[in-house]
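Okay, structure first, notes after.
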There are 2 protein chains.
Amino acid sequence: MPADVTLRLEAYLPYRLSVASNRTSRWVARSYEARFGLSIWQWRVIAVLGGADRLTAQALTASTAMDKVTVSRAVRALIERGLVERKKHQSDGRSALLALTPAGRSVYDEVAPVALRHEAALLDGFSPEEIRQLTDLLLRLEKRAEELAED
Amino acid sequence: MPADVTLRLEAYLPYRLSVASNRTSRWVARSYEARFGLSIWQWRVIAVLGGADRLTAQALTASTAMDKVTVSRAVRALIERGLVERKKHQSDGRSALLALTPAGRSVYDEVAPVALRHEAALLDGFSPEEIRQLTDLLLRLEKRAEELAED
DNA sequence: ACAATTTAGTTGCAAATGTAACTAAATTCC
DNA sequence: GGAATTTAGTTACATTTGCAACTAAATTGT
């Protein structure tokens, strides 16, 4: 059976998705690394903590789509740099509450606009409707992939 | 400046893209690994070689969006498994021509339909028009990210 | 024609990653 | 109320990755 007639890598969706994602995250990652010395994961943690008050690591893993080991490592590095602080959680001795320190907050205030400019630069040339569609399609795809992975 | 008002990670496009891509490629990768013992990169090389006659590693890097080190490693593993063969390139002593062996061809014939089923499963629930849009939007995004990375 | 540069591909090494095993606290369920 | 299980988070280890340095062949420029 001539499978090569129907399978073309360049039109294969998981491939396109991977290329698009790798290119954009590499670009974005380099910028965070160069300007702020932050890895993508550290940046994600900061982004979420910046919009919340204090969260457990567990809550961070849920809202960053990172796994708990990755969160743990990112948080440790951020604590070492003095950008995040850890406070005892009084009702649960296993977990601690995490929050930005003032230094962390000021990094956040500096990084967030840069992040938004990145996004704007990337989406320059896309109409609002297209952006809406893209986001929607990606969300549906994520959900689908998650369902499929369960089996 | 209250950056937290405007930056929400869950609506941040590079993040959505990364989550969507990681979920789908993780799912797909596990399947290739489990069924055929192929990494994503090995599979890409096979996919491209399956649709071509014989290519240099250079041509492979161009059409798989992998870098030359990754291609080199994938090709080496495939040669060791007897799925790919390397022939002298008579006009250029630096590079060699790569092609699927019969064994490689038969793996290709087996994997390609699985890959297409994966894609179909993933895209179940998407209309043809949506699929077209998604592919188009991803391609534009890739191109944009590449341009931006150059500076 | 030959020195300098570019291109193809590989190798080595440091850093990042994923997985599994682990500790400790909380919860469940007799 | 106490054993068994689940949950939070960290650590250890093996694998993968990414980058820079390298070899060797081809190309360029003089």
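The structure presented is a predicted model; accordingly, all values stated were derived computationally and were not measured. Every chain is numbered from 1, with letters handed out A, B, ... down the list of sequences.
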To the nearest angstrom, how far is [X] atom [atom1] from [N] atom [atom2]?
X       : N      : atom1 : atom2 : result
B:Trp41 : D:dT16 : CH2   : P     : 10 Å
A:Arg76 : D:dT10 : CZ    : P     : 8 Å
B:Arg44 : D:dT17 : CZ    : P     : 11 Å
A:Leu38 : C:dA16 : CG    : C1'   : 16 Å
A:Lys88 : C:dA24 : NZ    : C1'   : 12 Å
A:Arg23 : D:dG18 : CZ    : C1'   : 16 Å
A:Leu55 : D:dA8  : CG    : P     : 14 Å
A:Leu98 : D:dG9  : CG    : C1'   : 11 Å

Using 4.0 Å as the upper bound for N to carboxylate O, is an ion pair formed by [Y] and [X]?
X        : Y        : result
A:Arg132 : A:Glu129 : yes
B:Arg140 : B:Asp136 : yes
A:Lys143 : A:Glu146 : no
A:Glu142 : B:Arg16  : yes

*Run the ring-centre check on B:Tyr12 versus A:His118 and record whether the distance is less than 6.0 Å.*
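So the answer is no for these two rings.
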_Let me spell it out: for each of A:Ala96 and B:Val69, pick the nucleotide of DNA chain D with the closest heavy atom. Which residue's pick is nearer the 5' end?_
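By nearest-heavy-atom nucleotide position, the 5'-most residue is A:Ala96.
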*Of A:Arg30 and A:Val75, the one whose closest DNA chain D nucleotide lies more 5'*: A:Val75
Considering only side-chain heavy atoms of [X], which listed nucleotide, [options], is closest?
X       : options               : value
A:Thr70 : C:dA26, C:dG18, D:dG9 : C:dG18
B:Arg94 : C:dA8, C:dG18, D:dG9  : C:dA8
B:Lys68 : D:dA26, C:dA26, C:dA8 : C:dA8

_Under 4.0 Å from OP1 or OP2 of C:dT17: is there any side-chain N or O of B:Arg26 that close?_
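B:Arg26 to C:dT17 OP1/OP2: no side-chain N or O under 4.0 Å.
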*Distance check: side-chain N/O of B:Ser72 vs OP1/OP2 of C:dG9, anything under 4.0 Å?*
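Result: no.
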*Relative to the 5' end of DNA chain C, which residue comes earlier, A:Ser91 or A:Arg73, by the nucleotide with the nearest heavy atom?*
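Taking each residue's closest nucleotide, the earlier one in sequence belongs to A:Arg73.
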